[in-house]
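As the structure lists them, so they are numbered: ligands from 1, and atoms in each ligand from 1. All values below come from the heavy atoms of this structure, side chains included, with hydrogens, waters and symmetry mates left out. Values in this document were obtained by computation on a predicted structure and should not be read as measured data.
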Amino acid sequence: MLIKNLYIENATEAMDIRITDGKFEKIAAGLTAMPGEEVVDCGGRLALPPFIESHVHLDTCLTAGQPVWNMSGTLFEGIECWEKRKETLTKEDVKARVNRAVRMQASHGIQYVRTHVDVNDPKLTALEAILELREELKDFMTIQIVAFPQYGILSYPNGKGLVEQAVKMGADAVGAIPHFEFTREYSVESLNIAMAIAEKYDKLVDVHCDEIDDEASRGLETLAARAYESGLRDRVTASHTTAMHSYNNAYVVRLMRLLKMSGINFVANPCVNVHLGGRMDNYPKRRSMTRVKELTAEGINCSFGYDDIFDPWNPLGNGNMRDVVYMGLYAGHMLGYDEIMGSYKFISTNAARTLHLGESYGIKEGNPANFIVMDAKNYYDALNEDAEVLYSYKDGKLIVENKPAERTVKF
Ligand code: FE2
């Protein structure tokens, strides 16, 4: 198959792509179709590696208002709402919702999802459901599962045992939530435990780290130090780190050295961080997104996630990563021309590093033919014009096709 006239990752020269046996065989300008070869002419549109959702909670998705709405919009009322909804959780219920959500994500060009799954559940109902879906959907969506202890490793009965059991059942990464543990000592020890489990079972680590406006919440320095000392380094991800928004600058300067040495990844969740952050503030109200601009400037890998899709912690959301890029650029003061143009990396290349997808991710000869085509010539226009993802190809197969919306102005 020959796909013609694509601007690959904002390039200004149009390229053609030949796909053979599900792989990029040749990428060059002016390729000629072979006799009988299927040809798709994209007419000068943007091709990007597939989008990646690097932080979402699929187990809670599409439950907003069930059975009650989060009226205050706080994280804590969200937990109360979820507690009520959790009573009715079944495997079928989780699978039905996640099946819908994954298709919504795919329709927006996503082919990889890292989902946190709450394992503070003696029955591990949601985990079982999503493990099954990971297998059932693998030809269309790569799903990574983080064993996420919502209430803590040490502050929930058998929290440690449940995380370890989840890993034995097949979770890809070990989670933790140091800022929610009862004490600072538990917080530090929970990170030691998470790292030890990851080392024992050769897993990745992704911690809900300091998701609070408390500037004294300093799980991050412990996580980074352990990542550095253990050699796990870029296998470790710090998600949220919203307290870093509130750290004093003198501390951040000292911390930044360790963060760089550690090699860890960061995930910010711009929409939900702004929505849940600053809730105890009067005015001024903090926006509570971690320091994406400064981390990026230091060469530290950052990606963006949706976190919550229409659930007790986010009453809106359809999984379209355009939303988080848009919010992230505004909240992070990153609306310079080059920053806008390159911002797709927060939901593609950078996220691929976080998920450890390796060299097989990306539009290059020899790689699996996974890519999307957007209805714009570059990402600046795609973001600004809310361009549609026209095609999503996985292993050379068209798995999603969208038509641009038609608008007719009568004057
Ligand atoms: Fe989260």
Exercise. May I ask you to check if any N/O/S atom from E211 comes under 2.8 Å of the Fe ion (ligand 1)?
Key: no
The N/O/S atom of H57 lying closest to the Fe ion (ligand 1) is NE2
Of all N, O or S atoms in H240, the one closest to the Fe ion (ligand 1) is NE2
Fill in: cation_pi(R218, Y251) dist<6.0 Å, angle<=45
yes
Are K86 and D118 ion-paired here, with the side-chain N under 4.0 Å from a carboxylate O?
yes
- E339 bridged to K293 by N-O distance under 4.0 Å: yes
Closest to the Fe ion (ligand 1), among the N/O/S atoms of D307, is atom OD1
Self-check item: Salt-bridge present (D375, R45; N to O < 4.0 Å)
Solution: yes
H208 NE2 to H55 NE2 via the Fe ion (ligand 1), rounded to 10°, gives 90°
May I ask you to check whether F180 and H208 place their ring centres under 6.0 Å from each other? no
